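Each remark here refers to the structure printed beneath this line.
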Amino acid sequence: MRKIAITTVAIAGVALMALSGCSARNSTSGSDASGFKAGSIIGVALPDKTSENWVLAGKLFTDDLTKAGFKPDVLYAPSANTASEQANQISTMNTKGAKVLIIGAFDGKQLGSQVKDAHTNGAKVIAYDRIIEDSKDVDYYVAYNNEKVGELQGQALLDGMKSRFPDAKTYNIELFSGASTDPNAAVFFDGAMKILQPKIDDGTLKVVSGQTKIDQTQTTGWLAANAQTRMDTLLAGNYSGSTVLNGVLSPNDTLARAIITSIQNAGKDKPVMPVVTGQDSEAASIPLIMSGVQYSTINKDTTKLVEQAVSMVKQLAAGKKATTNSPATDNGSVKVPTYYLPPQLVTKDNAAESYKNNPTLEALTK
Ligand code: BGC
């Protein structure tokens, strides 16, 4: 029994060394303060499943970390408004002795004491997709470039309206943002407003409701039902009679589909469907994009983001610094070393090309 256990650990150690390309001393020495050994627990704390990318990330982390010789402990925050429950999950990961915490925060501001404890235990903290705010105990940030996502959304809204309403000189629009607990929501919104604000200022764009501030546009919990209710209210109050709605800035696909439903229920999809943006390349949105109902989405391949996070873990296990490729991200307390992947805008014109490495999504473009 004992012999088998030792052999298993040895094999796992060799596998880890091969994958991380590191020296025997670093990868196998549990006492090396700056590295850790095969079989170590890696905690992965993800928010609730507000979009498909989070669902996929959990599965990929489990598979990829296991393949790399680690012991993944992957947990989701149970449901909306559960910052404290996610904090408890992370505390338990600390107690179990996780060597790295990979955290997609439910609330970017509520995890200060958990990541501090992780550092006290000698563990490393990687913020995944969402930055952890106002804490010096964050070692790395890995994400798609969120500001760029917002800029692409803002530009897509403008370009889409130009092509769908070729005779219009000005455009009526409404703006949506994500959950105020998610730091990305403001980054997406600010990125989009970099493109849209000058056009609001020069009169090309009119936000008919007048709701242009982020706190007027947010969607509690990133929940579709909340976006649909707000869109219903905006349409009823501002678009009665023949007032045309030309476009809506939607921060992701889940909310885009809710906004589209509201537009269709109000009959504002005729004679021309307004331009609605999105993000995440969710399977349910691809057919809508191909048929012109949703204008755009963003391709942020979750497989690649998880791979990047796992490659960071391998480097840390080897006692090395993780690779970064971008200016550090200011989290309000420190500048966090950052690895950004590039997001890609997708419309029906480039969907097949953009998803050519993803057979499931590519099939939906046919
Ligand atoms: C992610 C988006 C996602 C949203 C809601 C954000 O933090 O970056 O991809 O749509 O959360 O789940």
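Each ligand, and each atom within it, is numbered from 1 in the order the structure gives. The basis for the numbers below is simple: all heavy atoms, side chains too, and nothing from hydrogens, waters or symmetry mates. Computed from a prediction, not measured in an experiment: that's the story for all the values here.
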Distance filter under 4.0 Å to [X] heavy atoms, resulting ligand 1 atoms:
X: Ser51; value: 3 (C), 5 (C), 10 (O), 12 (O)
X: Phe188; value: 8 (O)
X: Arg130; value: 4 (C), 5 (C), 6 (C), 7 (O), 11 (O), 12 (O)

Closest protein heavy atom (residue, atom, distance) for atom 8 (O) of ligand 1: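 Closest protein heavy atom to atom 8 (O) of ligand 1: Asp129 OD1, 2.8 Å.
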In the protein, what heavy atom is nearest to atom 10 (O) of ligand 1, and what distance, to one decimal place, separates them?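 That would be Asp280 OD2, 2.6 Å.
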So does [Y] get a backbone contact from the side chain of [X], meaning a donor-acceptor N/O pair under 3.5 Å?
X: Gln294; Y: Leu288; answer: no
X: Asp253; Y: Gln279; answer: yes
X: Glu282; Y: Asn53; answer: no

Side chain, backbone, both or neither: which applies to [X] and ligand 1 if a contact is any heavy-atom pair less than 4.0 Å apart?
X: Asn53; result: side chain
X: Tyr128; result: neither
X: Thr50; result: both

Any cation-pi pair here, Arg230 with Phe176, using under 6.0 Å and within 45°?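 Flagged: Arg230 positioned over aromatic ring of Phe176.
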Can the positive tip of Lys49 be found less than 6.0 Å from the middle of the six-membered ring of Tyr76, inside 45° of the ring normal? yes
Is a salt bridge present between Lys304 and Glu307, judged by a nitrogen-to-oxygen distance below 4.0 Å? no
Any Lys/Arg nitrogen of Glu362 or Lys356 sitting under 4.0 Å from an Asp/Glu carboxylate oxygen of the other?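 A salt bridge is absent here (no side-chain N lies under 4.0 Å from a carboxylate O).
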If you measure every N/O of Asn146 against every N/O of ligand 1, is any gap under 3.5 Å?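 Checking ligand 1 against Asn146, no N or O pair falls under 3.5 Å apart.
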Would you say Tyr144 touches ligand 1, if touching means a heavy atom closer than 4.0 Å? no
Would you please determine whether Lys300 falls within less than 4.0 Å of ligand 1 on a heavy-atom basis?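 Lys300: in contact with ligand 1 (<4.0 Å).
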Can you tell which of Val149, Leu255, Asp182 gets a heavy atom nearest to atom 7 (O) of ligand 1? Asp182
Partner of Val74 under side-chain contact (heavy atoms from CB on, under 4.5 Å), chosen from Ile102, Ile42, Thr62: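 For Val74, the side-chain contact (heavy atoms from CB on, under 4.5 Å) check succeeds only for Thr62.
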